[in-house]
**Q** 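Input: one structure, supplied below.
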Amino acid sequence: MTDSADTPTGTGGGRKPRHWLRWTALGTALLVLVAAGVGWWVYRKLNANITADAAAEAELRAYEKERPAAEVRGARNLLLIGSDSRAGAGNSEYGRVKGQRSDTTILLHIAAHGSSATAVSVPRDLMVRVPSCARPDRTRTAAQYAQFNWAFAVGGPACTIRTLEKLTGIRIDHFVVVDFRGFKEMVDAVDGVTVCLKEPIDDRDARLKLPAGRQLLRGEQALGFVRARKTLGDGSDTERMDRQQQFLGALVDKVQSDGVLLNPAKLYPVLDAATRSLTTDPGLASLRDLYGLSRSMRSVPTDRVQFLTVPREPYVNDPNRDQLVQPAADRLFARLRSDLPVTVHPSPTGGGSRGGSRGGSRGAPGDDSGNGPGSGPGDDSRGKTATGNVTGNGPGNGAGMGAAAAPGPLAAPSPTPSFAGRNAAQSC
């Protein structure tokens, strides 16, 4: 009797838990499938956003034999290019200018094992040897001595990379091109970036009016801040590059301090904005590749993310142009090639000074900024002084071949040379 009475109770009690277990398992399976489907949709969407420049890759592959080899396994060199092209949605409002120019060009060196990252600005007015490059219409330019950003104007990223590799001996692994709209959207995706202004800004051309002090810049204001030149400071590219470095340092600090790279909810809008506005080489044109790049940056301490400009001085034949200061520039390039550390210190001059005259001959047709291949007078005389020189080096000799200052009898070379610049922790 006891057994027969217990059996129905035991059977009924056993069926109910199994019944709910089945529904729980089914619900969990459905949630996993939905999550996987959403994840796959997000991945496909972000992946499809990215534009790969196959023509640039083909041009670089054609000249592979003349390109420098990578010297340190694990270290990476990326070329970041800010394009002023008015093509594409949201860019035509900044005026009608034919073609494209590189408003900003930065060589980003990420050390092996993620110990540091060094961002080196290359002035657009730097006089360099530009090789023969393919134009978009498949004709070719003649090799010539010209301003650095002329390479991007006539031959895009591939010509810019070949020019920079010949100048520095550094192998460029990947490139990223971002336009006006993309820059604004990425800034808005992180809810703006805070910068500190020593003086108020009122620049009509840049659509920028800000008081002095700490300012949170969102998309349009941020674009004006990094592009403004004529009415800020001495009107030179020296000060504009300094502001660009200040802003990028603040952006790195914001992304790292807010945990954006570790939080999917924060990371998605940033990736969405970034991927919709990027043109990259095919080797970086996938979400997996970009995520790998972000992971390599995630471990770099903020105070080891450094910004500097190549050591340069006024070009001997035209003070409106730049030339490298030697041997400081070659010393910097050699250390980056070998993945050796460099340090930065605040610039003692704070940038060059602007001269008085304006006008003179323009550059390439359709270029509203005097950035043609020639070395004639451009849109302003800036009276620049040698800038960004490595500590311990003397000024250039007028032909861009600076001589090192003779050390005293007790002087010893610094194991880690220091260049004028800043780090991301000093952004504000």
Side-chain angles (χ1 to χ4, degrees), residues 42-64 67-83 85 88 100 102-114 116-122 134 151-152 155-165 168 170-183 185-186 189-190 248 251-252 255 260-261 267-300 305 336-337 339:
V42 168
Y43 181 86
R44 289 286 301 272
K45 179 180 183 298
L46 294 178
N47 223 39
N49 283 346
I50 306 169
T51 301
D53 190 338
E57 181 188 40
E59 172 84 351
L60 292 173
R61 192 185 305 118
Y63 288 90
E64 178 62 36
R67 299 183 64 194
E71 294 191 10
V72 178
R73 185 176 181 179
R76 289 200 259 182
N77 297 296
L78 288 87
L79 194 63
L80 311 178
I81 302 172
S83 170
S85 171
Q100 61 180 2
S102 51
D103 254 11
T104 305
T105 304
I106 295 176
L107 170 62
L108 176 63
H109 173 79
I110 304 174
H113 311 299
S116 67
T118 303
V120 182
S121 296
V122 183
F152 185 75
C159 190
T160 305
I161 288 172
R162 291 180 58 216
T163 300
L164 191 63
E165 287 183 339
T168 65
I170 297 172
R171 171 82 177 205
I172 306 299
D173 301 301
H174 300 289
F175 70 85
V176 174
V177 180
V178 61
D179 61 15
F180 294 156
R181 186 192 68 170
F183 177 82
E185 290 180 349
M186 283 189 285
V190 296
L248 291 175
L251 176 60
V252 170
V255 169
V260 172
L261 298 179
L267 183 59
Y268 173 76
V270 176
L271 288 176
D272 188 39
T275 53
R276 279 188 286 116
S277 61
L278 296 183
T279 298
T280 75
D281 60 282
L284 199 60
S286 75
L287 193 60
R288 180 166 57 183
D289 296 322
L290 289 175
Y291 179 69
L293 176 62
S294 69
R295 284 189 63 187
S296 66
M297 286 292 295
R298 189 170 65 191
S299 61
V300 180
V305 179
L336 295 179
R337 280 197 305 270
D339 198 30

**Q** Heavy-atom distance under 4.5 Å between the side chains of H174 and T280, does that happen here?
**A**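 Contact flag for H174/T280 side chains = no.
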
**Q** Can you tell me how far the CZ atom of F175 sits from the CG atom of L60, to the nearest 0.5 Å?
**A**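 If we round to the nearest 0.5 Å, F175:CZ and L60:CG are 7.5 Å apart.
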
**Q** Given T279, which of V176, V178, D179, D53 fulfils the side chain to side chain contact (heavy atoms under 4.5 Å, CB included) condition?
**A**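 Exactly one option meets the side chain to side chain contact (heavy atoms under 4.5 Å, CB included) with T279, and it is D53.
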
**Q** Search all heavy atoms of T163 against all heavy atoms of A151 and return the closest pair with its distance.
**A**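 Heavy atoms of T163 and A151 come nearest at OG1-CB, 3.6 Å.
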
**Q** Give me the atom names and distance for the closest heavy-atom approach of V300 to A117.
**A**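 Shortest heavy-atom separation between V300 and A117 comes out as CG1-N, 3.8 Å.
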
**Q** Only one of V120, L79, L248 clears side chain to side chain contact (heavy atoms under 4.5 Å, CB included) with I106; which?
**A**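 So, applying the side chain to side chain contact (heavy atoms under 4.5 Å, CB included) to I106 and each of V120, L79, L248, only L248 qualifies.
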
**Q** Treating N77 as the side-chain partner and R171 as the backbone partner, does any N or O pair qualify as donor plus acceptor under 3.5 Å?
**A**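 Pair found, side chain donor or acceptor close to backbone of R171.
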
**Q** So, do I161 and R67 sit near enough that their side-chain heavy atoms are less than 4.5 Å apart?
**A**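 Sidechains of R67 and I161: in contact.
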
**Q** Taking all non-hydrogen atoms of both residues, which atom of A52 and which atom of A285 are closest, and how far apart?
**A**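 Heavy-atom minimum between the residues: CB-CB, 3.7 Å.
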
**Q** Looking only at heavy atoms, what is the nearest atom pair of V177 and P157, with distance?
**A**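 Answer, listing the atom of V177 first, then P157: CG2-CG, 3.9 Å.
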
**Q** Just by distance, do the side chain of R337 and the backbone of T168 share a donor-acceptor pair under 3.5 Å?
**A**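 Indeed, once roles are kept as given, a pair shorter than 3.5 Å links the two residues.
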
**Q** Taking side chain as C-beta onward, heavy atoms only, is D339 less than 4.5 Å from H109?
**A**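 D339 vs H109: side chains touch.
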
**Q** In plain terms, say whether R61 and E64 are close enough for a salt bridge, that is, a side-chain N and a carboxylate O under 4.0 Å apart.
**A**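 Looking at R61 and E64, the cut-off is not met.
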
**Q** If I compare all heavy atoms of V190 with all of V255, which pair ends up nearest, and what's the gap?
**A**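 Heavy atoms only, the tightest pair is CG1-CG2, 4.2 Å.
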
**Q** F152 versus C159: any side-chain heavy-atom pair under 4.5 Å?
**A**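 With C-beta onward as the side chain, the pair stays apart.
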
**Q** As an exercise, state the distance from OG1 of T160 to CG of L107, rounded to the nearest 0.5 Å.
**A**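 Between T160 OG1 and L107 CG, I get 12.5 Å after rounding to 0.5 Å.
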
**Q** Whether the side chain of E165 engages the backbone of I172 through a donor-acceptor N/O pair (distance < 3.5 Å, no angle test) should be reported.
**A**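 Pair found, side chain donor or acceptor close to backbone of I172.
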
**Q** Measuring from atom CG of L164 to atom CD1 of I170, what distance do you get when rounded to the nearest 0.5 angstrom?
**A**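 So the gap between those two atoms works out to 7.0 Å.
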
